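What's counted below: heavy atoms across the whole structure, side chains too, no hydrogens, waters or symmetry copies. Residue numbers run from 1 in the order of the sequence given. Counting starts at 1 for both ligands and their atoms, in listed order. The model shown is predicted, which means the values in this text are computed figures rather than measured ones.
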Amino acid sequence: MLPFKIIYHPHYDLELGRHVFPSEKFKLIHDALSSEGIAETSDFLQPEPAPDEEILRVHTPSYINKLQTDSLTLSERMKLEIPLSELTRNAFWLAAGGSMLAGRKALEDGFAANLSGGFHHAYPGHGEGFCMIHDVAVAIRSLQAAGKIRTAMTVDTDVHHGNGTAAIFGEDETVFTFSIHQENNYPMPKPASDEDIGLEDGTRDHEYMEALEKGLQRAFMKMTPDLIFYVGGADPYREDQLGGLGLTIQGLQMRDRLVFEHARRRGIPVASTLAGGYARHVADTVRIHVNTILAASDVVLQRPSVGNR
Ligand SMILES: [Zn+2]
């Protein structure tokens with residue numbers, strides 16, 4: 001049994017078939033957590049799709065209307081890079097509902113994980129890079145509107161810069177945006193986050209951890225937020241097809257643990273989301289995401305690091 005809840009829905013799967021985005025990963029992570037005895041049935045919660053009024057706290061009415069009436073332009077479809085259908089739309093609304101629920105459970109339990117979400121390339125008025133709806137921004141705006149939190153921090157360790165997050169919260173002093181990413185990679189240009197660390201191609205575990213540690217120290221000097229949303233992409237992995245950093249699976253788990261330890265030391269709850277992961281072998285992507293849950297469990301239970309399991 002885990003010391004926190006995991007948010008999952010079978011319809012998270014975008015059912016993209018042969019696509020660089022392994023949309024079956026959501027189910028595979030869920031199944032691995034269950035079959036390996038890491039999580040029990042009672043550890044999982046199923047989200048509802050986010051209500052439209054919550055989605056509209058972030059996205060423009062005209063964009064949402066286009067999604068709901070299937071009337072994106074050809075260039076908007078190409079930018080999104082995944083098909084718009086009833087099924088994919090439902091999956092993104094569920095992902096946003098999942099991040100909202102993860103935020104609420106994190107406030108109660110200190111940690112919660114959404115086994116989807118982290119769609120950090122979505123902008124208020126358009127989607128791009130496999131991201132239709134910015135689930136984390138919806139969750140933050142929703143929790144703020146409900147008076148559950150005043151401030152939040154996004155800690156984004158996906159290999160790609162969190163451009164949508166930076167654009168949405170750029171002028172907002174209640175949300176601190178942190179992104180550590182590969183500088184020479186999509187997206188171009190990169191709107192400024194509150195703390196941006198653009199890494200060189202091939203950066204390995206040791207240099208990465210040093211940069212992350214320094215960046216987190218700078219971030220927490222500027223804000224102690226009410227809640228952290230962790231966007232823990234699996235794509236800084238050295239075998240990733242869309243990433244160019246050199247992290248090992250063990251290094252990625254150390255990364256997760258470092259973020260969670262910083263939060264725990266300061267008593268800040270964390271809601272984690274998955275974001276990207278395009279390893280040559282989908283099993284590696286699944287392992288990296290499962291390890292995020294193990295790292296969180298170790299930190300919440302204050303267990304010493306046991307390395308790569
Ligand atoms: Zn990514």
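- Seen from the Zn ion (ligand 1), atom OD1 on Asp158 and atom OD2 on Asp235 lie at an angle near 100° (rounded to 10 degrees).
- For the residue pair Glu200/Thr203, the side-chain donor-acceptor check at 3.5 Å is not satisfied.
- Neither side chain, Tyr8 nor Asn114, offers a donor N or O lying under 3.5 Å from an acceptor on the other.
- Among the heteroatoms counted here (N, O or S) of His160, ND1 is the one nearest to the Zn ion (ligand 1).
- The nearest N, O or S atom of His120 is not closer to the Zn ion (ligand 1) than 2.8 Å.
- Between Tyr63 and His126, the distance from one ring center to the other does not fall under 6.0 angstrom.
- In this model, a donor atom of one side chain and an acceptor atom of the other lie less than 3.5 Å apart for Tyr230 and Asp256.
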